[in-house]
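Data block below; observations after.
Quantities reported herein were computed from a predicted structural model and do not represent experimental measurements. Below, read A as the first sequence line, B as the second, and so on, with proteins coming before strands; counting in each chain starts at 1.
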There are 2 protein chains.
Amino acid sequence: MAVTRRGMGRDGRPTLEQVAARAGVGRGTVSRVINGSPRVSERTRAAVQQAIADLGYVPHRAARALAANRSDAIALVVPEAETRLFAEPYFSGIIRGVSAELADTDIQLLLTLIRTPKERQRFSQYAASHRVDGVLLVSVHGDDPMPDQLAEMGIPVVMNGRRSSDELVPHVDCDNVGGAQLAVEHLLGRGRSTVATITGPSDMYVARCRVDGYKEALRAAGRDPDEDLIAKGDFSEESGHAAMHKLMRRRPELDAVFCASDLMAIGARRALRELGRSVPGDVALVGFDDSSLARHMDPALTSVRQPMEGMGRAMTRALLAEIGDSGPDRPRLVLPTELVRRGSS
Amino acid sequence: MAVTRRGMGRDGRPTLEQVAARAGVGRGTVSRVINGSPRVSERTRAAVQQAIADLGYVPHRAARALAANRSDAIALVVPEAETRLFAEPYFSGIIRGVSAELADTDIQLLLTLIRTPKERQRFSQYAASHRVDGVLLVSVHGDDPMPDQLAEMGIPVVMNGRRSSDELVPHVDCDNVGGAQLAVEHLLGRGRSTVATITGPSDMYVARCRVDGYKEALRAAGRDPDEDLIAKGDFSEESGHAAMHKLMRRRPELDAVFCASDLMAIGARRALRELGRSVPGDVALVGFDDSSLARHMDPALTSVRQPMEGMGRAMTRALLAEIGDSGPDRPRLVLPTELVRRGSS
DNA sequence: ATCACAACTGGGAGCGCTCCCACGCGCCCG
DNA sequence: CGGGCGCGTGGGAGCGCTCCCAGTTGTGAT
């Protein structure tokens, strides 16, 4: 049996011990240098850093995690349905933001797709045993208890979006009300007189916000929202299609529709085509999400853009802050949305 | 200072020790049960499992990783550009497949986006120190040395796609040649006589395969590939647009185009519209990827579908196998592609 | 010159687990 | 009826790190 080099780790990689030996210092000192403790003289620090460089030392995560009782990893939890429905730009945008923010922290990103209640359960347990330092939650429904569970267990959590207006769990959201207002104001500004809306599922706060923004904008323009002009969808293309048909039956004179998702706008567009209505000639259309689909529609769809990457970044920053201080401040950020004008309106 | 309950972990969660005490056995035995060793009597196993359930014991990952010198985590490495260009269905499809395959293994998925050469470098080092059990590589370019580096270091790797026809690193690919053939045969079968193609960048093997399939199908139909009918793109919409214009200048009589990506097909479509050519009337169009964009084009785009989720699953299975036996068999899978016929052809 | 105190530093203890050696027991063979 | 064998089992050692306490040095005040 070969004798491993003194101080070498099992896998032949240098350990703290070895770095210490090479730098002519003790283990503790090397640890201090690595963790950026100020209580190390400049001389020593330099020597240690040199030794680290010479040896190509990389700290062993697991050992660190065990000793320090932290994992240097955060989980991004995504309901699987999300990766289908909002695949782009939602999902990848968030990931990009999170990943960018993590880039120089050497914290790892764990991706967890949740398919079933069982997996959900399993994840809670997992998180509960401090196997991650914090959790990023995406697309949480109004009745989801997980955020509270985690928060109660003392696990840092940041959600994307809120479940209600008085959301207690720290979160980063975008200004859905404002985005909807922007859309409707724009429609009104282009001289449209009868603006309808196709909404998302009413059990989702985000959907309710967009309706609120719609109504708000109408009121601000001195018009009363008309329930006949509000049709319910579920963010899917099919629901947009059905809702559009319903709207045209109820109010054939409408000349503009604000759809709470691009996908629904696509469905609506199809319905309009079936009815022989032109876009934007007869009916102007505005969507929400600014997905790549919007850009490629014919005519291209005016849409409200959410700063997905920015939200990912903000969530991550908030989570890291929470992990760091464990202070009592629960960040609640609302990022602005933006209207991207294209041919459909 | 409060006395922690005997055997309890720092964070108040039960440890192996505690489970052992409750089951009236030794630590080793509990470990054996958890790791499914056969050398435990049925009686003992039951008792231990009972104790685990009672206590709600969850093994501590870091401790495990440290002691066993494995991490129970695999990394999925994605060049960031990928999340933009092929956001959907490529990226999310792979993730879904990987995640599904990992669901009942309690192996974690680490997502690593690589933006810069520096980050690339950093990841190599990271992987080198056995901080992950294996690596899944996505969208590797022809000149990328990382796969070989990792493989040489003895780190299990599986790539999606190949860098060349004699790729040595284990990989899972889809049948790009076959897919292209399918597309061209289909076009020919619909009576098109002059079939052009818009290719991807020639430094990518996947792009070359698609050209090969194109040529192959033509030859099989008794026609000689004509270089004037082959225009180079880079998978982007803009390049498709430019290439289409070039093709029409060179060969105004062409009546079908096979595009090596949906994005390029969209660009081509736009060019055709600018030139007053109808689709599929004047020119039939086929894309590659079957992205959601294809479904929503007008007319909807016929496209070659790659089994993204299946590839994700296959890659994961291959990687787990490699990690498990570390046998010398280097899996090389090629999954079939499928033509999805829509209005554009 | 002496003492107090701060600034650094070394290294023991221990995180929760796996690995493996050694031990006890029952059984079969000679 | 004794020795051997193998199955189950207990528990020591140790993974590579952080934490922290005790030491060692250097500095300024007395």
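Picking from D:dG16, D:dT18, C:dC17 the nucleotide with the shortest atom distance to the side chain of B:L16 gives C:dC17.
Inter-residue side-chain proximity for B:L76 and B:L109 is flagged as met; some heavy-atom pair is nearer than 4.5 Å. With a 4.5 Å cut-off on side-chain heavy atoms, B:V138 and B:V77 do not count as touching. A:L320 has its side chain within reach of A:I107: a pair of non-hydrogen atoms, C-beta onward, lies under 4.5 Å apart. The closest side-chain heavy-atom distance from B:R332 to B:P170 is not below 4.5 Å. The shortest distance between side-chain heavy atoms of A:L113 and B:I95 falls below 4.5 Å. Residues B:Q149 and B:E152 fail the side-chain proximity criterion, which asks for heavy atoms closer than 4.5 Å. Considering only heavy atoms from C-beta on, A:N160 comes within 4.5 Å of A:Y90 through its side chain.
Of the residues in residues 50-59 of chain B, those lying under 4.0 Å from DNA chain C by heavy-atom distance are B:Y57, B:P59. For the contact set between residues 31-39 of chain A and DNA chain D, defined by any heavy atom under 4.0 Å, the members are A:S31, A:R32, A:N35.
Backbone-only contact: A:R64 has heavy atoms under 4.0 Å from sugar-phosphate atoms and none from a base.
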When Watson-Crick pairs (N1 to N3 and N6-O4 or O6-N4) and G-U wobble pairs (N1-O2 and O6-N3) count only below 3.5 Å on both distances, what is the dot-bracket string of DNA chain D, with | for other-strand pairs?
||||||||||||||||||||||||||||||
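Looking only at atom types and distance, the side chain of B:N35 has no donor-acceptor partner in the side chain of B:S37 under 3.5 Å away. Between the side chains of A:S99 and B:R115, at least one donor N or O lies within less than 3.5 Å of an accepting N or O. If you check the side chains of A:S71 and B:R61, you find no donor sitting under 3.5 Å from an acceptor.
Separating the CD atom of B:E17 from the P atom of C:dC17 is a distance of 9 Å, rounded to the nearest angstrom. Rounding to whole angstrom units, CZ of residue A:R13 and C1' of D:dC17 are separated by 16 Å. If you measure from atom CZ of B:R70 to atom P of D:dG16, you get 15 Å, rounded to the nearest angstrom. Going from atom NE2 of A:H60 over to atom C1' of C:dC15 covers 14 Å, rounded to whole Å. Atom CZ in A:R43 sits about 14 Å away from atom C1' in C:dT9, given to the nearest Å. Rounded to an integer number of Å, the gap from A:N69 CG to D:dC20 C1' is 16 Å. Going from atom CZ of B:R61 over to atom P of D:dG16 covers 19 Å, rounded to whole Å.
For B:R27 against D:dG12, a side-chain-to-base donor-acceptor contact under 3.5 Å is present.
Using a cut-off of 4.0 Å between Lys/Arg side-chain N and Asp/Glu carboxylate O, B:R162 and B:D173 are scored as salt-bridged. At a threshold of 4.0 Å, the pair A:R163-A:D144 does not count as salt-bridged, since none of the basic side-chain nitrogens sits closer than that to a carboxylate oxygen.
Put simply, B:T29 has a side-chain N or O that comes within less than 4.0 Å of OP1 or OP2 on D:dG10. When the side-chain nitrogen and oxygen atoms of B:S41 are compared with OP1 and OP2 of D:dG8, none of them lie within a distance under 4.0 Å.
Comparing B:G28 and B:L66 along DNA chain C, the residue whose closest nucleotide (by nearest heavy atom) sits nearer the 5' end is B:L66. Of the residues near DNA chain D, A:A62 and B:T44, the one whose nearest nucleotide (by heavy atom distance) lies more toward the 5' end is B:T44.
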